[in-house]
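The structure appears below as structure tokens.
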Amino acid sequence: MPSEASQTNSYSDLSLFRNWISSLGLIVAAGSLFSFFLLLVMDAMAAHSNPYVGILTYMVAPAFLVSGVVLFFVGAWWRRRQIFKATGVAPPLRIDFSVPKSRKAFLVLLTGGLLFLLLSAVGSYHTYHFTESVQFCGKACHTVMKPELVTYLHGPHARVSCAECHIGKGAGWFVKSKLSGTYQVYATAFNKYPRPIPTPIKNLRPAQETCEQCHWPEKFTGNLERTYDYFLSDETNTPFTVRMLMKVGGGDPTHGPVGGIHYHMNVANKIEYLASDEARQKIPWVRVTNPQGVVTEYRSPRFTNQVNEADVRRMDCIDCHNRPAHRYKTPNRAVNLAMSLGKIDSLLPSVKSNAVYALTITYTNETEALQGIATYMTQAYPNDPRIKSVISEVQTIYQRNFFPEMNAKWSDYPENIGHMEWPGCFRCHDGLHKTADGRKTIEANDCNSCHTIMAQGSGEDLLQLTPQGQPFKHPGDEVDGACNDCHTGAL
Ligand code: HEC
Ligand code: HEC
Ligand code: HEC
Ligand code: HEC
Ligand code: HEC
Ligand code: HEC
């Protein structure tokens with residue numbers, strides 16, 4: 001504390017900072033600065049960066065550093081006010097360069113200030129990168145984001161960062177995402193998030209500004225060949241294959257014919273729709289505006305409601321590709337794939353139906369599930385040495401597609417591409433959406449409009465390729481009705 005004498009005449013410039021608030025601030029600032037450096041070194045030297053170290057280094061330590069500095073000045077301000085109250089004179093806030101002690105103090109402050117500015121520049125750059133990283137988005141709150149992270153890591157976008165699809169470029173969305181992100185950090189910390197995380201995301205950035213940074217519509221190309229390998233659930237696991245050309249089409253007349261499936265994304269067309277449920281699985285109303293500005297409206301039979309323009313959504317990539325990064329395979333698809341790759345031995349009798357069954361039992365947590373799968377499969381094939389590898393494959397399928405802690409699995413996340421397990425394209429292309437005069441339905445609703453089946457069946461059948469396409473021969477009996485009425489994931 002300054003002496004009585006010095007208080008009445010001239011104040012040493014630093015005396016204002018000699019109070020307990022400023023001292024506390026100084027200690028906090030110095031401590032966090034030290035921790036920042038220590039953590040920085042730890043983060044740089046670790047082989048795999050750890051999201052928690054990241055949070056401490058780039059968010060917690062800087063926050064403490066800043067509050068320390070703030071406290072340091074608040075203390076001085078408080079002290080000045082106190083002196084003013086006691087003496088009626090406010091000590092001047094000036095630096096007297098003729099006093100050597102002040103000169104020294106000024107130099108120390110200046111160097112400290114510059115160092116602080118430099119650090120905060122480096123710090124905020126790192127903080128920015130860190131909060132955009134897959135580490136932060138996917139791993140920091142590991143149970144919450146585990147389903148999204150695991151499915152993402154096994155998807156086609158495993159090296160595209162979360163932020164490239166969920167935030168994209170530009171300051172506006174950056175700020176928006178940090179605001180909602182702050183709420184998410186809070187929700188995670190206080191265990192207030194829904195399980196499973198709901199979909200669709202209401203305020204997802206328009207796909208033009210994210211997906212199209214990498215997949216621009218002019219680039220889309222004609223037909224894509226797809227081969228689907230299935231195994232039936234009979235005793236011999238009869239293979240059944242469909243090989244087809246998907247008429248994906250393009251969006252640029254100088255690169256090929258415009259049309260096909262990506263017709264919806266042709267920049268000149270505008271397709272809008274109204275969904276009557278949160279999950280966007282029921283679409284009773286569609287409006288098309290063609291390049292000439294001609295508007296056509298289609299309605300499904302019983303839909304007579306007034307359309308509220310605020311609820312109308314313009315179709316973009318996400319209305320078909322809603323699972324580009326987080327795809328939950330159904331038990332049926334996952335087992336078909338593992339069998340076609342030879343990871344599950346298709347010579348084991350009824351292995352298809354048994355493996356699928358083991359995956360459809362409800363388990364409360366992962367440990368129980370892995371145990372349950374092993375028990376069920378061992379009982380189904382006692383004393384068969386081949387079952388060991390089957391068990392571990394079925395367990396792997398479980399770990400990649402089922403997340404009981406978050407209640408997340410295929411049936412919680414509709415997949416809008418195709419029409420097997422979810423209505424998908426048939427939400428609009430069901431042949432029932434008509435114009436008001438009833439004369440026109442949405443085109444493309446027969447089995448050859450979106451794809452042509454080149455070959456199907458098994459063995460010899462697959463050698464007969466028919467470029468003009470063949471009618472689909474459903475395995476077993478002829479069937480009637482929407483595919484997703486029967487194919488719900490276990491079939
Ligand atoms: C290729 C783009 C892409 C990448 C990369 C990506 N996502 Fe997604 N994500 C999406 C799309 C598209 C949706 C579904 C949006 C919809 O239907 O509204 C989605 C949905 C989500 C959801 C909501 C729940 C759900 O599954 O629908 C969460 C949470 C999520 N993503 C987190 C992440 C995290 C964490 C990462 C990084 C580990 C990530 N995403 C990477 C595109 C992506
Ligand atoms: C940062 C670049 C980038 C962004 C952003 C991006 N993708 Fe991709 N996408 C890729 C790459 C790379 C591939 C893999 C290409 C390949 O396999 O030839 C890919 C593959 C795909 C495929 C083919 C998947 C398959 O199964 O083979 C689809 C469909 C796709 N992306 C859709 C989307 C959608 C929808 C979005 C927006 C939500 C999106 N992408 C955002 C880079 C990106
Ligand atoms: C009407 C539904 C629909 C819309 C809208 C749509 N796509 Fe597709 N897209 C498809 C289908 C169907 C395929 C065929 C591949 C398949 O079956 O997985 C495909 C294929 C692709 C592929 C993969 C090509 C390859 O070589 O594997 C990419 C990439 C892609 N789309 C990106 C996009 C992007 C980006 C947008 C938005 C600008 C978009 N799509 C809009 C339905 C759609
Ligand atoms: C929101 C409703 C909606 C959904 C969902 C939708 N479409 Fe369409 N689609 C349309 C409309 C509207 C047209 C324009 C046809 C017309 O006016 O008759 C169209 C046109 C098409 C065409 C014809 C393009 C041409 O060259 O004329 C194809 C092929 C097509 N869609 C495939 C698909 C596929 C595949 C999917 C699913 C992955 C799909 N659509 C999902 C509404 C939809
Ligand atoms: C509006 C366009 C459209 C129409 C109409 C259509 N399909 Fe498809 N179909 C698709 C798309 C898109 C996929 C690819 C889904 C994917 O990428 O996995 C597909 C996939 C399939 C598959 C592979 C199933 C799978 O997902 O494992 C079969 C089989 C099939 N279609 C049969 C048919 C039959 C039979 C009809 C007539 C009743 C039909 N399709 C009508 C768009 C269409
Ligand atoms: C009335 C119910 C029903 C309807 C509707 C139906 N299926 Fe099937 N589907 C079955 C049954 C039952 C099997 C035999 C399953 C087995 O033995 O594994 C089957 C098998 C299949 C398989 C091969 C097996 C597999 O692993 O998936 C394909 C592909 C298939 N259906 C496609 C379709 C398509 C595409 C549609 C719509 C055009 C459709 N199904 C409509 C009941 C149906």
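We number each residue from 1, following the sequence as shown. Keep in mind that what you see is a predicted model, and the values were worked out from it rather than measured.
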Check P414 against W422 and note the closest heavy-atom contact, atom names and distance.
CA-CE2, 3.3 Å
Where is the tightest heavy-atom contact between T151 and F403, given as atom of each residue plus distance?
CG2-CE1, 4.3 Å
With a cut-off of 6.0 Å (strictly less than), are more than 12 heavy atoms of other residues, nucleotides or ligands near CD of E460?
no
Y413 versus N322, side-chain donor and acceptor atoms under 3.5 Å
no
Would you call E415 and R333 a salt bridge, using N to O less than 4.0 angstrom?
no
Taking CD in E209 as the centre, count heavy atoms belonging to other residues, nucleotides or ligands within less than 6.0 Å. Is the count above 12?
yes
Flag side-chain contact, heavy atom, 4.5 Å: N401 against W410
no
Answer yes or no: does atom CG of N308 have more than 12 heavy-atom neighbours from other residues, nucleotides or ligands under 6.0 Å?
yes
Taking the six-membered ring for Trp and the single ring otherwise, decide whether the centroids of Y398 and Y363 are under 6.0 Å apart.
yes
Does the side chain of T452 come within less than 4.5 Å of T466's, by heavy atoms?
no
Backbone N/O of G342 and side chain of E393: donor-acceptor pair under 3.5 Å:
no
Closest non-hydrogen atoms of M377 and A358, given as atom of the first, atom of the second and distance, are SD-CB, 4.2 Å
Could you tell me whether Y193 atom OH has more than 12 heavy atoms of other residues or ligands within 6.0 Å of it?
yes
So, the side chain of N445 versus the backbone of D430: is there a donor-acceptor pair under 3.5 Å, distance only?
no
Are any side-chain N or O atoms of D316 and backbone N or O atoms of I318, one a donor and one an acceptor, separated by less than 3.5 Å?
yes
Measure across Q395 and A374 and return the closest heavy-atom pair with its distance rounded to 0.1 Å.
NE2-CB, 4.0 Å
Has E272 got a side-chain atom pairing as donor or acceptor with M315's backbone, closer than 3.5 angstrom?
no
Would you list the atom pairs, donor with acceptor, under 3.5 Å between side chains in residues 274-283 and any protein atom, with sequence neighbours excluded?
{"residue": "D277", "atom": "OD1", "partner": "R280", "partner atom": "N", "Å": "3.2"}
{"residue": "D277", "atom": "OD1", "partner": "Q281", "partner atom": "N", "Å": "2.8"}
{"residue": "D277", "atom": "OD1", "partner": "K282", "partner atom": "N", "Å": "3.1"}
{"residue": "D277", "atom": "OD2", "partner": "Q281", "partner atom": "N", "Å": "3.2"}
{"residue": "E278", "atom": "OE1", "partner": "K202", "partner atom": "NZ", "Å": "3.2"}
{"residue": "Q281", "atom": "NE2", "partner": "A279", "partner atom": "O", "Å": "3.2"}
{"residue": "Q281", "atom": "NE2", "partner": "N416", "partner atom": "OD1", "Å": "3.1"}

Closest non-hydrogen atom pair between K473 and F240, with its separation
O-CZ, 3.6 Å
Hey, are R313 and D319 close enough for a salt bridge, meaning a charged N less than 4.0 Å from a carboxylate O?
yes
Any chance CD of Q464 has more than 12 other-residue heavy atoms, nucleotides or ligands included, within less than 6.0 Å?
no
For residues D345 and S389, determine if any side-chain heavy atom of one lies less than 4.5 Å from a side-chain heavy atom of the other.
no
All heavy atoms of Y298 vs all of T441, minimum pair found to be CE2-C, 3.7 Å
